[in-house]
Amino acid sequence: MKIEKLIQSGVIAALKRLYDFEPDDNLVQLQNTRKDFIGDITLVVFPFLKHSKKRPEDTATEIGKYLEKSIDEVKSFNVVKGFLNLEIDDNYWFSEVLSAWKDESFGIAKPSENQELAMVEYSSPNTNKPLHLGHIRNNLLGYSISEILKANNFQVVKTNIVNDRGIHICKSMLAWQKWGNKETPENTGKKGDHLVGELYVEFDKHYKAEIAELIKIGLTQKEAEDQAPSIQEARELLRKWESGDPEVVELWKTMNGWVYEGFDITYEKLGVDFDKIYYESETYLVGKEEILRGLKEGIFYQKEDGSVWADLTSEGLDHKLLLRSDGTSVYMTQDIGTAKMRFNEYKIDKMIYVVGNEQNYHFQVLAILLDKLGFAWGKGLQHFSYGMVELPSGKMKSREGTVVDADDLMEGMVKVAREMAQELGKLDSLSNEEAEKTYEMIALGALKYFMLKVDPKKNMLFNPEESIDFNGNTGPFIQYTHARIKSVLRKASEKNIEFKEELVTLPEEISFKEKELMKRITLFPEIVKESGTNYSPAIIANYCFELAKEFNQFYHDHPILAENNEPRRDVRLLISATVGKVIKSGMKLLGIEVPDRM
RNA sequence: GCCUCGGUAGCUCAGUUGGAUAGAGCAACUGCCUUCUAAGCAGUAGGUCAUGGGUUCGAAUCCCGUCCGGGGUACCA
């Protein structure tokens with residue numbers, strides 16, 4: 001039984017016995033003892049004073065005496081003001097670490113039958129431009145939260161809804177027709193998504209110029225934006241696409257194909273993947289049908305111009321457009337269609353949308369609309385809302401060229417990692433291929449950890465001027481700690497002094513750091529749970545950092561292989577090996593690989 | 001205007017859901033490689049937790065007001 005549970009029930013028994021008082025479980029507040037005090041677990045006794053009718057110190061002492069007597073694991077206690085610090089027997093932590101080591105999947109649920117199914121939607125790019133830094137945060141969060149849900153006993157289906165149709169892609173198509181010079185990825189060597197992205201910028205350049213011209217001859221901004229020839233032509237392309245014009249559809253397929261080839265490369269480099277991909281072009285009509293059904297059933301209403309709306313004023317919200325006056329669908333329409341298709345195809349218990357917080361209102365409305373349409377699962381949708389990535393200059397804008405391109409960023413990071421490693425000369429013994437693989441691992445580790453260590457809900461700042469760090473609270477720091485541990489274990493095996501798990505025993509005395517490490521290891525399963533219920537990879541990231549930091553301190557002043565006292569040496573090897581294992585599985589939940597050498 | 005999220009060290013971020021003297025990393029300065037990897041370790045310095053009130057044994061954390069910033073409120077997605 002876990003020590004916290006033991007103590008909790010011990011405290012409840014003590015209160016009953018001493019003060020004839022039965023508290024709620026949540027009144028028993030246990031926390032880890034602060035480092036400046038002696039002890040492992042601390043009980044806050046303030047809430048009990050009303051019933052004990054004694055001073056905090058006396059109350060704590062009485063409870064302490066009771067626990068010391070009734071729970072074997074409680075070795076001793078001390079009282080500071082209203083805090084009862086309990087010292088736990090080293091044997092308890094030792095046995096926890098030993099079983100952590102033996103447990104193949106310590107802290108991680110194994111796939112089994114009857115798991116609930118969670119579908120996680122993430123990435124969801126438009127097909128008119130390459131992925132940028134904002135997408136990176138989305139992809140890393142989506143991937144990581146999927147791994148964390150798996151670790152928390154969910155079956156997970158990772159999904160991606162590709163926004164492959166609409167005015168945005170028509171703009172790139174038009175630009176290709178008019179100014180594209182028949183360029184293709186093949187004849188230029190350009191990555192497909194980048195080529196299409198350039199065309200999108202090209203369109204915008206002409207469009208802006210036309211607007212300026214029109215304003216000069218007296219039109220308002222709004223009129224000019226509406227009447228510029230480029231946008232008119234793009235709209236014409238969209239109409240042709242919707243009516244199935246073969247030539248337009250062909251161009252659309254070709255250009256989207258280029259983009260997908262580019263995306264695949266970026267996704268692979270990032271190390272993210274999907275179990276099921278939906279395309280907006282295949283779901284928007286389903287959404288439209290649902291809206292029309294809702295209209296027929298009187299759930300929605302139609303204005304004189306033909307547009308369809310939902311009245312959400314009874315929910316404290318506004319009126320929301322669902323179909324334009326020309327009958328075409330909007331963002332919301334498509335999401336309704338996509339949701340319906342997904343729930344038809346899978347037995348989804350939990351649907352999670354990894355989408356930026358600028359869409360908070362959208363998902364609030366989506367849940368209500370699905371509910372109104374009679375889908376029982378509508379209200380249960382989870383919007384995993386995360387903050388924006390900001391640059392020192394403010395928000396990123398694709399059209400204004402202030403975006404940090406995903407491919408460029410990753411490439412740059414690998415370059416820095418390579419230079420740094422070569423300077424340190426650490427990987428000289430590896431083959432070129434192995435070394436190159438390690439550079440990538442480190443570069444991606446730095447990038448991913450950088451993005452995931454901050455609370456997903458908060459906006460974060462990325463400064464392209466300062467490259468992402470490789471020292472301190474970073475991915476490489478944790479990777480390095482893992483490599484160090486592996487190195488020690490390799491040498492132990494070379495010297496034939498590996499520990500045998502069935503023979504390791506607790507030495508007479510263990511140091512403060514050794515105990516701290518054992519306690520930290522024991523926390524891991526709880527951390528995995530917490531990150532699952534809070535949808536926060538950051539909790540895991542910060543735990544891994546603390547663990548690695550503590551290991552490095554331990555490593556610095558405790559000889560491991562050179563320790564003469566065998567029980568002591570073996571327990572140090574056990575602790576090291578277990579820390580290595582926990583780091584590896586923790587980082588895996590973040591989608592970060594750890595090298596054996598670096 | 002209305003809705004919503006945020007403001008913690010020079011910078012980037014933690015802070016165990018109300019507990020003890022608010023913590024890391026970066027940047028600056030000092031030490032430590034003949035001993036298991038120095039991408040490391042140890043130390044110095046850096047704070048009116050935006051601000052004013054309130055709630056109580058106890059507030060960075062909860063409530064109200066104010067200031068500053070982000071996002072939303074589109075027949076864009």
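Lettering follows sequence order; numbering is per chain, from 1.
Geometrically, A:R137 does not engage A:Y386 in a cation-pi contact defined by less than 6.0 Å to the ring centre and at most 45° from the axis.
The nucleotide whose nearest atom lies closest to any side-chain atom of A:N126 is, among B:A77, B:A38, B:C41, B:A77. Here the nucleotide nearest the side chain of A:R597, chosen from B:A77, B:U12, B:U37, is B:U37. In this structure, of B:G40, B:C13, B:C76, it is B:C13 that holds the atom nearest to the side chain of A:L461.
In this structure, A:K491 reaches the B:U37 phosphate: one of its side-chain N or O atoms is under 4.0 Å from OP1 or OP2. Applying the 4.0 Å criterion to OP1 and OP2 of B:U37, one finds that A:S487 has a side-chain N or O inside that range.
In RNA chain B, consecutive stretches of 3 or more Watson-Crick or G-U wobble pairs with both distances under 3.5 Å are given as paired ranges: B:1-7 with B:67-73, B:10-13 with B:23-26, B:28-32 with B:40-44, B:50-54 with B:62-66.
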Atom pairs under 3.5 Å: protein N/O with N/O of nucleotides 59-61 of chain B:
none

Which atoms of nucleotides 17-21 of chain B (N or O only) lie under 3.5 Å from a protein N or O atom, and what are those distances?
from: B:U17; atom 1: O4; to: A:N534; atom 2: OD1; distance (Å): 2.7
from: B:G19; atom 1: N7; to: A:Q29; atom 2: OE1; distance (Å): 3.1
from: B:A20; atom 1: OP2; to: A:R34; atom 2: NH1; distance (Å): 3.0
from: B:A20; atom 1: N6; to: A:T42; atom 2: OG1; distance (Å): 3.0
from: B:A20; atom 1: N6; to: A:N85; atom 2: OD1; distance (Å): 3.1
from: B:A20; atom 1: N1; to: A:N85; atom 2: OD1; distance (Å): 3.3

N/O contacts under 3.5 Å, protein versus nucleotides 4-6 of chain B?
none

Contact list (N/O, under 3.5 angstrom) for nucleotides 25-28 of chain B vs protein:
from: B:G25; atom 1: O2'; to: A:N473; atom 2: N; distance (Å): 3.2

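Taking atom CE on A:M332 and atom C1' on B:U73, their separation rounds to 13 Å, with Å as the unit. A:H319 places its NE2 atom 16 Å from the P atom of B:U73, with the value rounded to the nearest Å. In this entry the distance linking CZ of A:F363 with P of B:A77 reads 14 Å, nearest Å. Across the protein-nucleic acid pair, A:K35 atom NZ and B:A24 atom P stand 9 Å apart, rounded to whole Å. In this structure, CZ of A:F554 is placed 15 Å from P of B:C36, rounded to the nearest angstrom. The interatomic distance linking A:E550 (CD) with B:G40 (P) rounds to 16 Å, in whole Å. Rounding to whole angstrom units, CZ of residue A:F450 and P of B:U12 are separated by 10 Å. Protein atom NZ of A:K513 is 8 Å distant from nucleotide atom P of B:A42, rounded to whole Å.
Salt bridge annotation for A:R34-A:D36: present, with a cationic side-chain nitrogen under 4.0 angstrom from a carboxylate oxygen.
On a pure distance criterion of 3.5 Å, a polar donor-acceptor pair joins the side chain of A:Q359 and the base of B:A77.
A:M460 comes within contact range of the sugar-phosphate backbone alone, with a heavy-atom separation under 4.0 Å but no base atom that close. Looking at heavy-atom distances under 4.0 Å, A:A538 makes no contact with the nucleic acid at all. A:L323 comes within contact range of no nucleotide atom at all, as no heavy-atom separation falls under 4.0 Å. Residue-level contact check: A:D318 touches the backbone only, with heavy atoms under 4.0 Å from sugar-phosphate atoms and none from bases. Backbone-only contact: A:D455 has heavy atoms under 4.0 Å from sugar-phosphate atoms and none from a base.
Taking the nucleotide of RNA chain B with the nearest heavy atom to each of A:S329 and A:R484, the more 5' of the two is matched to A:R484. Nearest-nucleotide positions on RNA chain B place A:N459 closer to the 5' end than the other of A:H362 and A:N459.
Side chain of A:R324 to main chain of A:S329: a donor-acceptor pair is present (N/O by atom type, distance under 3.5 Å, no hydrogens or angles).
Shown here are the side chain to side chain contact (heavy atoms under 4.5 Å, CB included) partners of A:T33, two or more places apart in sequence or in another chain: A:F37, A:T42, A:N85. Residues passing the side chain to side chain contact (heavy atoms under 4.5 Å, CB included) test with A:N471, sequence neighbours excluded: none. A search for side chain to side chain contact (heavy atoms under 4.5 Å, CB included) contacts involving A:V44 returns A:Q29, A:Q31, A:F46, A:P47, A:F83, not counting sequence neighbours.
Screening residues 526-537 of chain A for salt bridge (charged side-chain N to carboxylate O under 4.0 Å, His left out) gives no qualifying pairs among residues at least two apart or on separate chains.
Across residues 558-566 of chain A, A:H558, A:P559, A:I560, A:L561 each have a non-hydrogen atom less than 4.0 Å from an atom of RNA chain B (numbered order).
For A:P125 against A:L131, the heavy-atom pair with the smallest separation is CB-CD2, 3.8 Å.
A:Y331 is not listed as a side-chain neighbour of A:L366, based on a closest heavy-atom distance of 4.5 Å or more.
Only the C1' atoms considered, B:A50 is 23 Å distant from B:U17, to the nearest whole Å. Comparing the same atom, P, in B:U61 and in B:U8 gives a spacing of 14 Å after rounding to whole Å. Comparing the C1' positions of B:C13 and B:G72 gives an interatomic distance of 26 Å, to the nearest angstrom.
Aromatic ring orientation, A:H319 versus A:Y301: perpendicular (interplanar angle above 60°, classes split at 30° and 60°).
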With a 3.5 Å cut-off and sequence neighbours excluded, list the donor-acceptor pairs that the side chains of residues 483-491 of chain A form with protein atoms.
from: A:R484; atom 1: NE; to: A:Y480; atom 2: OH; distance (Å): 3.3
from: A:R484; atom 1: NH1; to: A:N552; atom 2: OD1; distance (Å): 2.7
from: A:R490; atom 1: NH1; to: A:D596; atom 2: O; distance (Å): 3.4

Side-chain donor-acceptor pairs under 3.5 Å in residues 438-460 of chain A, sequence neighbours left out?
from: A:T438; atom 1: OG1; to: A:E434; atom 2: O; distance (Å): 2.9
from: A:K448; atom 1: NZ; to: A:L270; atom 2: O; distance (Å): 2.8
from: A:K448; atom 1: NZ; to: A:G591; atom 2: O; distance (Å): 2.8
from: A:Y449; atom 1: OH; to: A:N473; atom 2: OD1; distance (Å): 2.6
from: A:Y449; atom 1: OH; to: A:A541; atom 2: O; distance (Å): 3.4
from: A:K453; atom 1: NZ; to: A:N473; atom 2: O; distance (Å): 3.4
from: A:D455; atom 1: OD1; to: A:K457; atom 2: N; distance (Å): 3.0
from: A:N459; atom 1: OD1; to: A:M388; atom 2: N; distance (Å): 2.9
from: A:N459; atom 1: ND2; to: A:E390; atom 2: OE2; distance (Å): 3.4

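With its glycosidic angle more than 90° from 0, B:U61 is assigned anti. Applying the 90° cutoff around 0 to the glycosidic angle, B:C62 is assigned anti.
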